[in-house]
Amino acid sequence: MGAAPDPKLAAMISGAGGNPLLIVELVQGLREEGSVEISHERARLLDERIPRRVRDLAQHWLDSLSDKARQLVQVAAAVGGSFMVVEVASMLRETTASMLPALNETIASGLLICPGEQTVFQHELVRRSIADALPAAVRQALRQDVTALRRQHCLQVPMPPEFLVTGGRPAGTPVPGSTDAPAPLPAPAPLPAPSKEPGIVHRLLPALLMARSTRTEPLPLGLADELRASLTAVLQAHYADVELTGTADAPLAERADRITRNTVSLFADGVQRATTRARAILATHQGRDDEADAVTATVVMSNLEWAVGNLAEGLRWGQRAVQCLGPATPPMWSPYVRLALATKLSDIGRFEEAEGLISTARTEAEALGQPHTATPSIARAMLLLQSSRLQEAQDSARAGLEVAAKTGGGWVVPVGQAVLILVALRRGDLASAADYAWRCRAAVGADSTVFPSIHFDWGECLVATAQLGARRTAELLTTTYAHLLTSPQLFVEEAAAAAWFVRLALAADDMPLASTVVTAAERFAAANPGRPTLAVAALHARGLLERDSEALRQAAREHVSPCAGALAEEDLGILLSAQEEKNGALGAAALRSALQRFVQIGSQGDIERIRAFMEEHGTPVTSAPRQGRPATAGWEALTETERSIAHLVSDGLTNRQVARRVSLSPHTVNYHLRAIFRKLGIGSRVEVARHITHSA
């Protein structure tokens, strides 16, 4: 088509899963139906409906299956992108064993794949086509059936709030022996046999303790059972070693099972349910605040309060959780409890306290073994990013991702990728940032242990802005990313987020959008008195909106985040430069100061933006240590990412091996390698090694 696809079109094409026939049919179908507009070498998607060409192809593939396999695929398509065979078997009134021939047929046909516990469609476009071919009422009924099935199964493991509070009696029924104390929980269902290696605990427990929010749906079918069995094994072993040695097996087993059921119940769907369960556990807990379920419930309360913007309460619960750690707390819990508090302290600029907690947590994690060492590295990467130490943040994130790749790190993978998105954007490396964003979203969809995080959408939004410009992104902020505009979680974690939104809105001439953001930031700051980081962030946003130079000057001085402070000074310089007759010299001085601050941070993307503005307005840069325009040839022309790749290539690593080391895709590594060849004036990997040897 002679044009680059816009993000919506690129996303739609990615639903073909790389299948050439599907891609060709999709693009031709979109053109035939007038669903694509080409302008200025850009292909823009006008209609997201799947064209008839693709629907016909999907129907042809479906018709080639046996009746049972076709029924399996149709039900699965209506259910969603991933499912477990036992779910569909139950809905079809079949056993899992009886469905295996049909499942094998669909896998052999290339429609479905089983990369792990979940079965997924090879091509999302095909799934959508098959689902859309079903009557809307049928789709709705099937989705209701699977939701009810998942909820029913989930509640067999994590008891609903009314069981935790009343022992299963109707609300208002007196509890025997006391009007306050809840009765014992009902007897649990038999547990599946636990595995010797409780890997699910290594994935899910850190995800729960480190989550910045709660789940939006129950744990997938089967995952809760596996978690419950593995947790029970861990707890029985711990409590036998610590304090129940020599006692009867029954009390130990009952205690471990009670704590297990309480802990699993905290993987609730929705803030209200999770909060209710956490409070119920704490209310019914007697004697040992350091037992695993009490500690977990305390951390969950901290996370939930933090997510809705109650920072004082979030800190109070987080500090209480750390204080509760004791002999009855299994060692696996301790590092994550400390890290959960450390990330909150880092959010509000208390970096030294956060570093101390992370250091202690790292020592505890190392004693537990490698699966646990990824999380401290990722938590520290987040802290380093917030304190604008970009290179260290990148190194720490990559170290954590390398461990996670070996051990199945679960939640840490997309969080680590989100850190790398923001570092790449600061350095002006849009290609790498876009690649990290794609990998981040893929990791979120691939692992059911990942909890929602504002980091993912924030990174994607920044990449979209760099690719699309202010006006188009402002449109996305009223649809795709509307939730970011008033997010307490984002405003506390990203010191310059509110100002960034206002800057974007003003560039798009959208004053209502700018006013909405300022109002949200000020309300959040007012609701959390005594948090100067929030007050100065709101001041920065208000200063931009009202063109208040004193407010911007104060924000530049008081921001704890070096990057946010530099951005405020840049905003001040731009404002004063617009008043050239009166404040032109002051504006130039502020811009040079901002430039100097970004040079110290190493934020090349920001450096080039300020230089471009100064050159456009004829402002000299002589008083700032100018690194000059980026070299166009030679070693100095290489970006930091390209230099890292060059060194690894010179060591004889393949593109795939290099990609694993630097947390990029092989495709992006190849992109950087071509740039290296061009800048160094060479044409082979051998010449890269020679160049590095001669330079050394």
**OP:** Using the side-chain contact (heavy atoms from CB on, under 4.5 Å) rule, take Leu315 and Leu341 through it: C-alpha gap first, then chi angles, then the decisive distance, then the call.
**Re:** CA-CA 7 Å; Leu315 278 181; Leu341 177 58; 4.0 Å; yes
Subject >> Phe501/Leu484 under side-chain contact (heavy atoms from CB on, under 4.5 Å): CA gap, chis, key distance, verdict >> reply: CA-CA 9 Å; Phe501 284 132; Leu484 296 179; 3.8 Å; yes
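- Residues Ile378 and Ala397 share a closest heavy-atom pair of CD1-O, 3.6 Å.
- Across all non-hydrogen atoms, the minimal contact from Ala374 to Ala404 is CB-N, 4.0 Å.
- Judged by distance alone, with hydrogens and angles left aside, the side-chain atoms of Thr465 form a donor-acceptor pair with the main-chain N or O of Cys461 at under 3.5 Å.
- The backbone N or O of Leu567 lies less than 3.5 Å from no partner atom in the side chain of Asp606, so there is not a single donor-acceptor pair.
- Side-chain contact between Asp347 and Arg531 is absent, with no heavy atoms from C-beta onward closer than 4.5 Å.
- Phe351 is listed as a side-chain neighbour of Val560, based on a closest heavy-atom distance under 4.5 Å.
- Within the 3.5 Å criterion, the main-chain N or O of His483 finds no donor-acceptor partner in the side chain of Ser487.
- At a threshold of 4.5 Å between non-hydrogen side-chain atoms, the residues Gln394 and Arg427 count as touching.
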**OP:** Give the C-alpha distance, both sets of side-chain angles, the deciding distance and a yes or no for side chain to side chain donor-acceptor pair (under 3.5 Å) between Gln604 and Glu608.
**Re:** CA-CA 6 Å; Gln604 190 64 32; Glu608 294 307 316; 2.7 Å; yes
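- In plain terms, the two heavy atoms of Ala578 and Arg547 that are nearest each other are CB-NH2, 3.9 Å.
- Taking all atoms of both residues into account, the shortest heavy-atom contact from Trp306 to Leu311 is CZ3-O, 3.4 Å.
- For the pair Ser359 (side chain) and Glu355 (backbone), a donor-acceptor distance under 3.5 Å is absent.
- For Glu353, the CD atom is densely surrounded, since the number of other residues' heavy atoms within 6.0 Å is greater than 12.
- Residue Leu544 holds its CG atom at 10.0 Å from CG of Leu572, rounded to the nearest 0.5 Å.
- Between Trp458 and Phe491, the distance from one ring center to the other does not fall under 6.0 angstrom.
- Between the CZ atom of Arg44 and the NZ atom of Lys8 there is a distance of 9.0 Å, given to the nearest 0.5 Å.
- Counting only distance, with no hydrogens or angles, the side chain of Asp510 and the backbone of Leu513 share a donor-acceptor pair below 3.5 Å.
- The nearest pair of heavy atoms linking Val517 to Ala498 is CG1-O, 3.5 Å.
- Residues Val299 and Met210 fail the side-chain proximity criterion, which asks for heavy atoms closer than 4.5 Å.
- Counting only distance, with no hydrogens or angles, the side chain of Ser396 and the backbone of Ser377 share a donor-acceptor pair below 3.5 Å.
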Subject >> Test salt bridge (Lys or Arg N to Asp or Glu O under 4.0 Å) applied to Arg542 and Glu546, step by step >> reply: CA-CA 6 Å; Arg542 174 62 69 179; Glu546 298 187 350; 2.8 Å; yes
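- Looking at Arg523 and Thr519, their side chains come closer than 4.5 Å, going by heavy atoms from C-beta outward.
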**OP:** Given side-chain contact (heavy atoms from CB on, under 4.5 Å), test Thr373 with Arg362 step by step and report yes or no.
**Re:** CA-CA 7 Å; Thr373 60; Arg362 181 185 296 278; 5.9 Å; no
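- The OG atom of Ser432 lies 7.0 Å from the CD1 atom of Ile645; values are rounded to the nearest 0.5 Å.
- Rounding to the nearest 0.5 Å gives a distance of 9.0 Å between CD1 of Ile421 and CZ of Phe456.
- Between the side chain of Ser35 and the backbone N or O of Leu46 there is no donor-acceptor pair closer than 3.5 Å.
- Taking a 6.0 Å sphere around CD of Glu48, one finds it holds 12 or fewer heavy atoms contributed by other residues, nucleotides or ligands.
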**OP:** In sequence, state the C-alpha distance, the side-chain angles, and the governing distance for Arg426 and Cys563, and then conclude on side-chain contact (heavy atoms from CB on, under 4.5 Å).
**Re:** CA-CA 9 Å; Arg426 282 276 171 229; Cys563 274; 3.5 Å; yes
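- Residues Leu339 and Pro376 have side chains in contact (heavy-atom distance under 4.5 Å, counting atoms from C-beta outward).
- A donor-acceptor pair under 3.5 Å links the side-chain atoms of Asn303 to the main chain of Ala211, judged by distance alone.
- When Leu345, Ile358, Leu357 are each tested for a side-chain contact (heavy atoms from CB on, under 4.5 Å) with Leu383, only one passes: Ile358.
- Taking NE2 of His455 as the reference point, atom CG of Leu422 lies at 7.5 Å (rounded to 0.5 Å).
- With rounding to the nearest 0.5 angstrom, the NZ atom of Lys344 is 9.5 Å from the CD atom of Glu493.
- Residues passing the ring pair (Phe, Tyr, Trp, His ring centres under 6.0 Å) test with Phe598, sequence neighbours excluded: none.
- The shortest non-hydrogen separation linking Glu570 to Ala594 is N-CB, 3.6 Å.
- Put simply, the side chain of Thr375 does not reach to within 4.5 Å of the side chain of Pro335, judged on heavy atoms.
- Side-chain N or O atoms of Asn310 include none that pairs as donor or acceptor with a backbone N or O of Glu313 at under 3.5 Å.
- Using a 4.5 Å heavy-atom threshold, the side chains of Met382 and Val419 count as touching.
- Looking at Asp6, its side chain does come within 3.5 Å of a backbone N or O of Leu45 through a donor-acceptor pair.
- Just one residue in the list Arg557, Gln596, Arg597 forms a side-chain hydrogen bond (donor to acceptor under 3.5 Å, both in side chains) with Glu569, and that residue is Arg597.
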